[in-house]
Amino acid sequence: MNAGRDAGAASDTEGEVRLQATDLSVSYGKITALAGVDVTIRDGELVSLIGPNGAGKTTFADTVMGFLDYEGSLTYAGTEVGTRSQSDLVADGIIYCTEERDLFPFMTVEKNLKLGAFRSRDGYEDRLEYVYEVFPRLEERREQNARTMSGGEQQMLAIGRALMGDPEFLVLDEPTLGLAPVILDDISAALDRIVDEGVTVLLTEQNVVFALDHADRIFLLENGRLVKSGPVEEIRGDDYITETYLGGA
């Protein structure tokens, strides 16, 4: 898709609330990384956190996964994240594809994918076939070691491994960072398919154009604070967004 997920997309009033952050604050010692952030994500949505490097996007993603202590409230499916272990959150369907990718470089593509199926071995072959449909290049390189792949191919593998976990809620942290345009096309098509098949997605992105092309709603973070939020078409037409992040286009 190249104009946002307008047709059939979830709206702010549709779907059950999957993730709710209310007055969420996170600090690293004396440094405040998030301050009073409110974010709602409903079932079936793709919501994107945008903003410059250091805005707090990865901190938010890490907090969703239970890696960080926080103040305020952060609930997943109505349960406070801070009361759950990371393994509990994964068991509840949250799968995290980090910016670092966290691949096993000396293992093959297929072995990396197999490790992503730790949540459940049931249906492993079906999920593997699905990943190869989403990213045909991975099937072509199934016996290739991850360390010998290009950066774009490694990103495909990282997302593919996340999909092997059969996510209900997929957290993608900066998946397009540093990728060539031809790889962006592959990631773009995969993301549309993932959402169309019912997975709820939290996408953090510095690439505002990519986020606008795929999200239902946008939340802009700057210096750990929520500056703007709204449906994608509202954000697309915002003067501040246009002048600051789209080069005045």
Side-chain angles (χ1 to χ4, degrees), residues 1-2 5 44 46 48 58 61-62 64-67 86-207 210-211 213-215:
M1 295 183 181
N2 294 311
R5 296 184 56 251
L46 191 160
S48 185
T58 295
D62 285 348
V64 169
M65 292 306 305
F67 294 150
Q86 291 160 20
S87 59
D88 286 342
L89 293 170
V90 171
D92 281 348
I94 309 181
I95 304 294
Y96 191 13
C97 184
T98 71
E99 179 184 339
E100 290 79 14
R101 299 170 186 159
D102 299 322
L103 300 174
F104 293 90
F106 291 95
M107 297 180 69
T108 66
V109 165
E110 193 144 310
K111 287 182 178 178
N112 268 278
L113 292 174
K114 186 175 183 179
L115 289 171
F118 62 90
R119 184 181 172 215
S120 173
R121 295 295 178 185
D122 295 338
Y124 166 78
E125 293 296 338
D126 289 340
R127 292 204 298 280
L128 184 62
E129 181 179 353
Y130 169 69
V131 169
Y132 286 152
E133 288 176 1
V134 173
F135 294 117
R137 197 174 307 195
L138 295 182
E139 185 170 23
E140 296 170 4
R141 290 158 172 73
R142 62 196 303 167
E143 298 301 325
Q144 184 174 339
N145 280 1
R147 69 185 179 91
T148 66
M149 302 172 76
S150 70
E153 291 167 345
Q154 289 182 8
Q155 184 63 71
M156 291 180 192
L157 179 54
I159 296 173
R161 190 179 62 180
L163 294 177
M164 289 296 293
D166 196 20
E168 297 176 21
F169 186 96
L170 180 61
V171 181
L172 293 175
D173 188 24
E174 302 280 10
T176 72
L177 191 64
L179 299 187
V182 64
I183 300 296
L184 284 180
D185 289 343
D186 291 335
I187 300 296
S188 178
L191 186 56
D192 283 338
R193 177 168 178 174
I194 290 165
V195 176
D196 287 345
E197 293 180 358
V199 179
T200 305
V201 177
L202 168 63
L203 171 71
T204 75
E205 265 298 339
Q206 291 185 54
N207 185 337
F210 185 88
D213 280 349
H214 295 281

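Going from atom CE of M107 over to atom CD of Q144 covers 15.0 Å, rounded to the nearest 0.5 Å. Distance check: L157 CG to R101 CZ gives 10.0 Å after rounding to the nearest 0.5 Å. Here the CZ-CD distance, from F135 to Q155, works out to 8.0 Å after rounding to the nearest 0.5 Å. Here the straight-line distance linking atom CG of L103 with atom CG of N112 works out to 5.0 Å at 0.5 Å rounding. Residue T108 holds its OG1 atom at 9.5 Å from CZ of R142, rounded to the nearest 0.5 Å. Between atom CE of residue M65 and atom CD1 of residue I94 there is a gap of 5.5 Å, rounded to the nearest 0.5 Å.
Side-chain contact between L184 and N207: present, with at least one pair of heavy atoms (C-beta onward) separated by less than 4.5 Å. Counting heavy atoms from C-beta outward, T98 and T58 have side chains that stay 4.5 Å or more apart. Two residues are said to be in side-chain contact when any heavy atoms from C-beta on lie closer than 4.5 Å; T200 and E168 fail this criterion. At a threshold of 4.5 Å between non-hydrogen side-chain atoms, the residues M149 and L138 count as touching.
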For this session: Dump the intermediate steps for side-chain contact (heavy atoms from CB on, under 4.5 Å) on L177 and E99, then the final yes or no.
Result: CA-CA 8 Å; L177 191 64; E99 179 184 339; 3.2 Å; yes
For this session: List the steps, then state whether side chain to side chain donor-acceptor pair (under 3.5 Å) holds for T176 with E205.
Result: CA-CA 8 Å; T176 72; E205 265 298 339; 2.9 Å; yes
Problem set entry | Test side-chain contact (heavy atoms from CB on, under 4.5 Å) applied to I183 and R137, step by step | CA-CA 11 Å; I183 300 296; R137 197 174 307 195; 3.6 Å; yes
For this session: List the steps and the verdict of side-chain contact (heavy atoms from CB on, under 4.5 Å) for Y96 and D62.
Result: CA-CA 9 Å; Y96 191 13; D62 285 348; 2.7 Å; yes
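Nearest approach of L172 to C97, heavy atoms of both residues: CD2-CB, 3.6 Å. Taking each heavy atom of V134 and A190 in turn, the nearest pair found is CG1-CB, 3.4 Å. For L203 against A211, the heavy-atom pair with the smallest separation is CD2-CA, 4.4 Å. Taking both residues in full, the closest heavy atoms of G66 and Q86 are given as O-NE2, 3.3 Å, listed atom of the first, atom of the second, then distance. Contact record, V64 with L89: O-CD1, 3.7 Å, taken as the closest heavy-atom pair. Nearest approach of A61 to V171, heavy atoms of both residues: CB-CG1, 3.7 Å.
E140 pairs by the salt bridge (charged side-chain N to carboxylate O under 4.0 Å, His left out) definition with nothing, not counting sequence neighbours. Residues forming a salt bridge (charged side-chain N to carboxylate O under 4.0 Å, His left out) with E197 (at least two apart in sequence, or on another chain): R193. Here D88 pairs with R84 under the salt bridge (charged side-chain N to carboxylate O under 4.0 Å, His left out) rule; sequence neighbours left out. Applying the salt bridge (charged side-chain N to carboxylate O under 4.0 Å, His left out) criterion to R141, with sequence neighbours excluded, gives E153. Legend: residues meeting ring-ring contact (aromatic ring centres under 6.0 Å, His included) with Y132, ordered by chain and number and at least two apart, are absent.
At distances below 3.5 Å, at least one donor-acceptor pair connects side-chain atoms of R127 with backbone N or O atoms of M164.
In summary, the side chains of D173 and T204 do present a donor paired with an acceptor at a separation below 3.5 Å, with no hydrogens or angles considered.
The ring-ring contact (aromatic ring centres under 6.0 Å, His included) analysis of residues 142-190, with sequence neighbours excluded, yields the pairs Y76-F169.
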